[in-house]
Amino acid sequence: MKTLLALVVRIGLIFVCLGLGSTAGPAAFAQPGPAAPNPVLVIGGFDADHGILEKLREALDGWGYSAYSIVLPAVPSLSGAPTGSAPIAESAGAVAQAVDEIRRETGAARVDVAAHSMGGLAARHYVKFLRGGESIGTYVDFGTPNSGQSLGFLCSLFWPGCRDIAPESPFLRALNEPPAVPPGLVAYHLFSEDEGPEREPLPGAINASVQAFCPGRHVIHRDEPRDGAFQELIVSALRGGPLATGCP
């Protein structure tokens with residue numbers, strides 16, 4: 001059983017993303033300028049590597065943002081369940097709590113989010129069902145399987161987060177009921193063409209692959225938060241666009 005659990009955890013690292021809406025093309029990346037006034041919350045996905053997640057938070061710090069990061073909650077488990085194994089609606093509550101804490105600490109009216117993988121589903125649930133649209137400025141997800149990830153079926157017997165991320169789950173049907181992105185929310189969906197479900201567009205968002213800007217670039221799902229081109233695309237989105245990267 002421990003071997004099976006370890007295998008499922010490793011499989012979870014592969015979780016990838018989706019989307020539908022407008023698309024963006026290449027543009028030259030401008031050198032870092034004045035940061036947007038909103039602080040930024042970086043949100044990890046299923047079984048997130050906090051060290052990799054911190055690479056994005058540190059990069060945002062370097063660009064002058066007040067940046068924070070969280071991983072999604074895990075279900076209580078003697079064997080050490082991965083982050084993101086809790087129900088995604090519960091993870092959305094954790095996002096809400098983090099946003100509230102950042103607003104209290106900084107005095108900001110709104111917080112921008114840069115959410116990786118399953119983190120995008122949690123952030124979008126927060127916006128759509130927990131009145132998060134009143135507190136979120138710019139929404140950026142990257143590597144997020146917005147219509148689900150079939151690998152969720154493999155660990156759905158163990159963890160509710162896996163059941164929620166499986167295609168056609170009740171959670172995803174409710175989340176993707178139009179409008180997938182609430183009107184008025186500035187939203188971006190970034191993805192790698194090297195991965196699977198994350199390539200499908202998110203309706204109502206600006207959708208773009210890193211390879212549209214950096215042809216031939218190979219970026220696996222796990223490395224997206226620390227990839228320099230992804231980081232620059234995220235920063236350009238937070239600035240209000242256009243999307244751009246120098247492909248470092």
Are Cys162 and Leu154 close enough that some pair of their side-chain heavy atoms sits under 4.5 Å apart? no
Short question: side chain of Glu232, backbone of Gly246 - any donor-acceptor pair under 3.5 Å? yes
Looking at every non-hydrogen atom in both residues, tell me the closest pair between Asp141 and Thr144 and how far apart they are. CB-OG1, 3.4 Å
Which heavy atom of Ser69 sits nearest to which heavy atom of His50, and what is that distance? OG-NE2, 3.6 Å
If I compare all heavy atoms of Thr245 with all of Ala229, which pair ends up nearest, and what's the gap? OG1-CA, 3.4 Å
Hydrophobic clustering (ILVMFWY, side-chain heavy atoms < 4.5 Å, transitive) - are Ile52 and Val40 grouped together? no
Looking only at non-hydrogen atoms, find the nearest pair between Ala114 and Leu56 and report the distance. CB-CD2, 4.4 Å
Taking the side chain as everything from C-beta on, heavy atoms only, tell me whether Leu233 gets closer than 4.5 Å to Tyr188. no
What pairs of residues pass the salt bridge (charged side-chain N to carboxylate O under 4.0 Å, His left out) test when at least one of them lies in residues 52-75, not counting sequence neighbours? Glu54-Arg57, Arg57-Asp61
In short, Ala74 meets Ala81 closest at the heavy-atom pair CB-O, 3.6 Å
Residues 86-100 vs side-chain hydrogen bond (donor to acceptor under 3.5 Å, both in side chains), sequence neighbours excluded, gives Gln97-Glu101
Just wondering, do Phe142 and Ile234 contact through their side chains at under 4.5 Å, heavy atoms? yes
Between Asp112 and Asn38, the two heavy atoms sitting closest are OD1-ND2, 3.0 Å
Is there a path of hydrophobic side-chain contacts, each under 4.5 Å between heavy atoms of I/L/V/M/F/W/Y residues, joining Met118 to Phe153? no
Under the side chain to side chain donor-acceptor pair (under 3.5 Å) rule, collect the residues that match up with His218, sequence neighbours excluded. Asp194
Give the C-alpha distance, both sets of side-chain angles, the deciding distance and a yes or no for side chain to side chain contact (heavy atoms under 4.5 Å, CB included) between Glu105 and Tyr68. CA-CA 11 Å; Glu105 178 180 329; Tyr68 304 78; 3.0 Å; yes
Straight-line distance of Arg226 CZ to Leu53 CG, nearest 0.5 Å: 11.5 Å
Using modelled atom types and a 3.5 Å cut-off, is there a donor and acceptor pairing between side-chain atoms of Gln149 and backbone atoms of Pro167? no
How are the rings of Phe129 and His125 set relative to one another: parallel (under 30°), tilted (30 to 60°) or perpendicular (over 60°)? tilted
Which pairs count as side-chain hydrogen bond (donor to acceptor under 3.5 Å, both in side chains) when at least one residue sits in residues 169-180, sequence neighbours excluded? Arg124-Asn176
Contacts satisfying salt bridge (charged side-chain N to carboxylate O under 4.0 Å, His left out) that involve residues 201-219 (not counting sequence neighbours) are Arg217-Asp227
Should Leu243 and Leu190 count as side-chain neighbours, where that means a heavy-atom distance under 4.5 Å? yes
Flag the pair Leu172 / Asp164 as yes when at least one side-chain heavy-atom distance between them is below 4.5 Å, and no otherwise. no
First locate atom CD1 of Ile165, then atom CG of Leu121, and finally report the distance between them rounded to the nearest 0.5 Å. 5.5 Å
Taking side chain as C-beta onward, heavy atoms only, is Leu151 less than 4.5 Å from Phe46? no
Give every residue pair that meets the disulfide (SG to SG under 2.5 Å) criterion with at least one member in residues 172-223, sequence neighbours excluded. Cys214-Cys247
In the structure I gave you, are the side-chain heavy atoms of Ser192 and Phe230 within less than 4.5 Å of one another anywhere? yes
Do Tyr126 and Val113 make a side-chain contact, defined as non-hydrogen atoms from C-beta onward lying under 4.5 Å apart? no
